[in-house]
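Per chain, numbering begins at 1; letters A, B, ... match sequence-line order.
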Amino acid sequence: MLDIKLIRHDTESLRKKLERLHCETPLDLILERDARRRDLLVKVEELKSERNRVSKEISREADSSHREMRIAEMRDVGDAIAQYDMEIRALDASLNDAMLRMPNVPHESAPDGLSEADNVVIRNTGVQRSFDFEPKPHWELAERLGIIDFERGVKISGTRFYILKGQGARLQRALIAFMLDQHVKCHGYTEIYPPYMVRSECMIGTGQLPKFGDNLYRDAEDDFMLIPTAEVPVTNMHAGEIFDKEQLPLRYVAYSACFRREKMSAGRDVRGIKRGHQFDKVEMVTFVDPAESYDELESLLRDAESICADLGLPYRVLNICTADLSFTAAKKYDIEVWAPGCNEWLEVSSCSNFEAFQARRTQIRFRPEPKAKPQFVHTLNGSGLGLPRTLIAVLENGQEADGSVTLPDALVPYMGGLKRLEPH
RNA sequence: GGAGAGGUACCGAAGUGGCCAUAACGGGCCCGACUCGAAAUCGGGUUGGUGGCCAAAAGCCGCCACGUGGGUUCGAAUCCCACCCUCUCCGCCA
């Protein structure tokens, strides 16, 4: 959510910045509703002030005919207030809805662009292995290794589900443990195990709702939704809180399963485990002083990259252009690893600075000085990393001609000393 | 699932229709006095949001918030309805 005062007073410079997104925004609707709302507010508050004053007088009024007269007067004032209040409430609801649908303002360092083709590759690291045989996609490797059961996954849950089995299940568990350990021990994050189901207000807080409800699974009876990322519970866990400056930055890392309908990408990426309705992810979430949030974004990105590097995976980093920025982000980097079997770059991480966008929705604040007015923190998050795609990269990059897979050294301790997966 | 109790400021807590939200009282914390310094004592301070004057800051004048949302009333922390949450006991359960 944007600052309504900024919208009011810096309208034209805001409009210019939003044009870079190349999408429709409810800016004019907001301006109109806000002006009307304040107009009514002035009137109703005047009436309320009068009612408060006279009501106090009534309580001290001894003469009963005077008393009755004044009560009758106030009855009319009360009716007028009720009328205004009703109108204001309706206006509030539509203004609030429009505010919640307003995208974040892109940071100046996010490159201009019209589509994802305009994302800027800022780093390309690691050596892409040259194969003296045709590298296979992970679904073929996994089949021969007997570590993923696609058919039975579909049998029990339908399309976009699979079962990890034996060393496949273990490999995923090893990756999760490795990532969590790195972020906790080497990068100083605090580990969180969050609920996977949250109330819808949390989805509003982090920006999944109201715009992207299509992508969420929800409980039919209760106000519960399945999280599409650990960002949702971990960010919302501090909703409504006011921190002291010394408590910041707060850095968390959470492993969770994630659930997404993937309606937008129906029919895409149906082969293999690249895109499922349920997947695992290790997510970093931080809360910082606004003055430090762009330094924090760089360090968050480094922490995510270090996992790719430790696993020996070739990867590149993209600075996401304005047209491809997500609704909530002011700036975003994607990390993509190379998958030689699928022959494509796979997005394994998005690292974003949301600035005050989520903090304003969730009311997460801090005091810059002990007695100062609270102001909004900046929130950031980044995957570190998404599991299925990391698993794909480990399998496809480590494959040998005989169908075996050499595991990265970093994972060997987590695999009980196992260095290689062998086909049956 | 059943029965009961409760949700007020940083914490505890009083308040059953106006004299209680500028929130009693106690504690914590901050500032000051006393002191060589400290303790004790004494004095003062200590919620957030929002509107107008006004583009912003300071200031002044209002409005809103007693778990949340509605309602009754001239007037609601207080009465009514719905919901959320916490605790105790019972039942069931991995």
Interface polar pairs with nucleotides 28-32 of chain B, N/O, under 3.5 angstrom:
none

U16(B) to G71(B) separation - P atoms, rounded to the nearest Å: 26 Å
Any salt bridge (charged side-chain N to carboxylate O under 4.0 Å, His left out) pairs touching residues 65-74 of chain A, not counting sequence neighbours? Glu57(A)-Arg70(A)
Which parts of nucleotides 67-82 of chain B does protein reach within less than 4.0 Å, heavy atoms only, written one letter per nucleotide 5' to 3' as B for base, S for sugar-phosphate only and - for none? ---S---BS-------
List for me each residue that meets side-chain contact (heavy atoms from CB on, under 4.5 Å) alongside Ser265(A), sequence neighbours excluded, and say none if there are none. Glu262(A), Arg268(A), Arg275(A)
Check side chain to side chain donor-acceptor pair (under 3.5 Å) between Ser65(A) and all other residues, then give those that pass, not counting sequence neighbours. Asp63(A)
Report the secondary structure of RNA chain B in dot-bracket form, marking unpaired bases with a dot and bases paired to a different strand with |, and treating Watson-Crick or G-U pairs with both distances under 3.5 Å as paired. ((((((((.[[[..)..(......]]]((((((.......))))))(((((((.....))))))).[[[[[..)....]]]]])))))))....
Tell me which residues in residues 234-247 of chain A put a heavy atom below 4.0 Å from RNA chain B, sorted by number, or none. none
Give the table of side-chain donor-acceptor pairs shorter than 3.5 Å for residues 99-114 of chain A, with sequence neighbours excluded, one pair per line with atom names and distance.
residue: Arg101(A); atom: NE; partner: Asp97(A); partner atom: OD1; Å: 3.3
residue: Arg101(A); atom: NE; partner: Asp97(A); partner atom: OD2; Å: 3.0
residue: Asn104(A); atom: ND2; partner: Thr328(A); partner atom: O; Å: 2.9
residue: Asn104(A); atom: ND2; partner: Phe354(A); partner atom: O; Å: 3.1
residue: His107(A); atom: ND1; partner: Ser109(A); partner atom: N; Å: 3.2
residue: His107(A); atom: ND1; partner: Ser109(A); partner atom: OG; Å: 2.7
residue: Ser109(A); atom: OG; partner: Lys331(A); partner atom: NZ; Å: 2.8
residue: Asp112(A); atom: OD1; partner: Arg20(A); partner atom: NE; Å: 3.0

Checking Ser349(A) now: which residues fulfil side chain to side chain donor-acceptor pair (under 3.5 Å) with it, not counting sequence neighbours? none
For Ser293(A), enumerate each residue passing the side chain to side chain donor-acceptor pair (under 3.5 Å) test, keeping only those at least two apart in sequence or located in another chain. Asn353(A), His378(A)
So side chain to side chain donor-acceptor pair (under 3.5 Å) across residues 145-154 of chain A, not counting sequence neighbours, yields Asp149(A)-Arg152(A)
Who pairs with Glu46(A) by side chain to side chain donor-acceptor pair (under 3.5 Å), at least two apart in sequence or on another chain? none
